[in-house]
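One structure is given below, encoded as structure tokens.
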Amino acid sequence: MQKTPSIRHLIRNTALATAIGLALAGTALAQDKPVVKILVGFPPGTGNDNLARMYGEALSEAIGVSTVIENKPGAGGLIAAQALRQAPPQSNSLLFSLDHQVVMLPLINKNPGFDVKKDMVPVGRIVNFYTCLVVPASSPVKDLPGYIESVRKSPAQGNVGIPAPGSQPHFLTYLLGQKYSVDLSAVPYKGWAPAIVDLIGGSLPAGIGPCNDLNEYKKAGKLRVLAVASDKRYKAMPDVPTFGEFGFKMPADSFIGVYAAANMKPELIKQVTDATRKMFESPKLVEKFASTQMEPAYAGPEELRGIVEKNTEFWGEQVRKSNFQAQ
């Protein structure tokens with residue numbers, strides 16, 4: 001004789017079926033949700049990477065996509081920039097780019113493997129960051145004129161640590177030497193972090209690199225910042241003069257911006273562009289971007305394109321004057 005299922009058994013089976021149905025429905029929805037890949041040319045945990053993750057989360061919420069961060073470190077961001085050009089249309093790829101990738105790499109490489117104007121569509125600038133001249137706290141040098149005088153007295157003081165060869169700090173070192181008629185030698189490191197270690201240890205007399213990585217060391221009295229490359233004083237270091245105050249005329253602010261692959265669907269590029277602009281209407285999100293020690297500074301596609309063209313013209317001239325050998 002067949003037993004009639006108990007009410008408890010029926011309820012349990014119904015609940016199980018409902019749970020399975022919801023899980024399958026959720027999977028289907030997740031599969032239907034477009035995926036946008038964000039390429040980052042630097043390792044996880046760097047300032048660029050952290051900001052990209054904040055941006056990706058905000059983009060997901062704004063336009064209902066799933067964002068995936070793909071780190072492609074190496075060659076100063078060259079690998080990531082090349083990956084954007086090579087990305088298939090269905091990957092919906094964006095590049096979270098330092099200005100170095102779209103300004104300097106095409107200037108210092110004979111064949112960078114990408115064309116900023118043809119392969120990339122500007123979406124918007126997210127933040128500005130600044131470049132600083134710094135010396136160890138143990139140095140007797142107190143200001144920029146004092147540093148130049150120390151180099152004249154002791155040429156070894158003219159060794160300036162920089163994050164990478166062919167970077168803007170490399171050519172700012174060149175500009176500094178030209179303006180004051182002193183012999184400054186850019187000493188390339190594999191990134192700014194090891195240069196900072198040598199600065200703190202006193203084995204490197206000076207360095208030029210991103211200011212946002214120096215804030216805590218400055219506050220702790222381990223480093224002394226002499227000048228900042230900015231049109232206005234850096235909010236985090238209001239006591240530090242700008243290079244402009246010493247008579248330098250140059251594009252001062254470095255930046256991080258977003259670029260879409262040229263083969264991304266125009267309607268999706270528009271969605272991403274509109275969402276990026278609207279992010280800066282949220283004080284909470286702007287504050288979150290500012291927590292990276294970089295300054296939120298939105299610029300739309302056309303303004304970003306103009307900034308890149310202006311910077312490329314200026315730094316291109318310095319690359320030529322310095323006789324830098326393109327790789």
Side-chain angles (χ1 to χ4, degrees), residues 36-63 65-74 76-81 83-84 92-105 120 122-132 163-164 167-169 191-193 196 209-216 228-230 234-237 253-261 272-301 303-304 307-308 311:
V36 171
K37 183 188 293 185
I38 301 177
L39 299 165
V40 177
F42 301 90
T46 57
N48 180 272
D49 174 76
N50 293 336
L51 187 62
R53 293 175 191 278
M54 295 176 190
Y55 173 82
E57 183 180 345
L59 187 64
S60 294
E61 294 176 0
I63 63 174
V65 297
S66 295
T67 53
V68 177
I69 304 296
E70 186 169 316
N71 295 90
K72 287 189 169 293
L78 183 67
I79 294 172
L84 185 74
N92 297 327
S93 293
L94 299 173
L95 176 67
F96 207 74
S97 174
L98 290 176
D99 58 318
H100 179 75
Q101 290 165 276
V102 293
V103 174
M104 301 308 302
L105 289 180
M120 301 180 176
V123 169
R125 181 180 63 189
I126 307 301
V127 296
N128 279 333
F129 63 96
Y130 306 102
T131 302
C132 283
S167 59
Q168 284 187 17
W192 188 218
I196 291 174
C211 303
N212 49 290
D213 293 328
L214 303 173
N215 287 332
E216 296 307 315
V228 56
S230 172
Y234 178 32
K235 290 179 182 177
M237 301 179 183
D253 305 342
S254 297
F255 64 83
I256 294 176
V258 178
Y259 287 81
V272 172
T273 301
D274 290 345
T276 301
R277 174 177 50 79
K278 289 177 181 177
M279 287 178 193
F280 289 83
E281 297 173 6
S282 167
K284 186 176 180 180
L285 187 55
V286 170
E287 185 178 352
K288 191 174 182 180
F289 289 163
S291 70
T292 62
Q293 302 301 314
M294 293 179 275
E295 290 187 356
Y298 174 74
E303 185 179 355
L304 179 55
I307 291 168
V308 170
N311 286 11

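Numbers for residues simply follow the sequence, beginning at 1.
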Just by distance, with hydrogens left out, do [X] and [Y] show a side-chain donor and acceptor under 3.5 Å apart?
| X | Y | value |
| --- | --- | --- |
| Asp99 | Asn311 | no |
| Glu295 | Asn128 | no |
| Tyr298 | Thr276 | no |

What do you reckon, are the aromatic ring centroids of Phe96 and Tyr55 less than 6.0 Å apart?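 Distance test on ring centres: under 6.0 Å, yes.
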Glu287 CD: over 12 foreign heavy atoms closer than 6.0 Å: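 No, because the 6.0 Å sphere around CD of Glu287 holds 12 heavy atoms or fewer from other groups.
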What is the minimum heavy-atom distance between [X] and [Y], and which atoms define it?
| X | Y | value |
| --- | --- | --- |
| Pro169 | Thr131 | CG-CG2, 4.2 Å |
| Leu105 | Gly76 | CD1-O, 3.8 Å |
| Ile69 | Ala52 | CD1-O, 3.7 Å |
| Val286 | Pro296 | O-CG, 3.4 Å |
| Met54 | Thr292 | CE-CG2, 3.8 Å |
| Gly41 | Ala80 | CA-CB, 3.5 Å |

N/O donor-acceptor pair under 3.5 Å between [X] side chain and [Y] backbone:
| X | Y | answer |
| --- | --- | --- |
| Arg125 | Gly300 | no |
| Ser60 | Val65 | yes |
| Ser282 | Met279 | no |
| Gln101 | Leu98 | yes |
| Trp192 | Pro210 | yes |

Under the criterion side chain to side chain contact (heavy atoms under 4.5 Å, CB included), I'd like the reasoning laid out for Tyr234 against Asn212: C-alpha separation, chi angles, the key distance, then a yes or no. CA-CA 10 Å; Tyr234 178 32; Asn212 49 290; 3.9 Å; yes
Restricting to side chain to side chain contact (heavy atoms under 4.5 Å, CB included), what partner residues turn up for Val68, sequence neighbours left out?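 Once residues adjacent in sequence are excluded, the partners of Val68 under the side chain to side chain contact (heavy atoms under 4.5 Å, CB included) criterion are Val35.
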How many angstroms lie between atom [atom1] of [X] and atom [atom2] of [Y], to the nearest 0.5 angstrom?
| X | Y | atom1 | atom2 | value |
| --- | --- | --- | --- | --- |
| Ser66 | Lys37 | OG | NZ | 14.0 Å |
| Lys72 | Leu78 | NZ | CG | 12.5 Å |
| Ser167 | His100 | OG | NE2 | 6.5 Å |
| Ile38 | Leu59 | CD1 | CG | 6.0 Å |
| Asn50 | Phe289 | CG | CZ | 12.5 Å |
| Glu70 | Leu94 | CD | CG | 12.0 Å |

Output, in order, the C-alpha distance, side-chain angles, deciding distance and verdict of side chain to side chain contact (heavy atoms under 4.5 Å, CB included) for Leu84 and Met120. CA-CA 8 Å; Leu84 185 74; Met120 301 180 176; 3.7 Å; yes
Does the side chain to side chain contact (heavy atoms under 4.5 Å, CB included) test come out yes or no for Cys132 and Met237, once each step is laid out? CA-CA 10 Å; Cys132 283; Met237 301 179 183; 4.2 Å; yes
Side-chain ion pair, Arg53 and Asp49, N-O less than 4.0 Å: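 Judged by the 4.0 Å cut-off on N to carboxylate O distance, Arg53 and Asp49 do form a salt bridge.
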Would you say that [X] contacts [Y] through its side chain, given a criterion of any heavy-atom pair below 4.5 Å between the two side chains?
| X | Y | value |
| --- | --- | --- |
| Val127 | Phe255 | no |
| Asn71 | Pro43 | no |
| Tyr259 | Leu39 | no |
| Ile256 | Leu51 | yes |

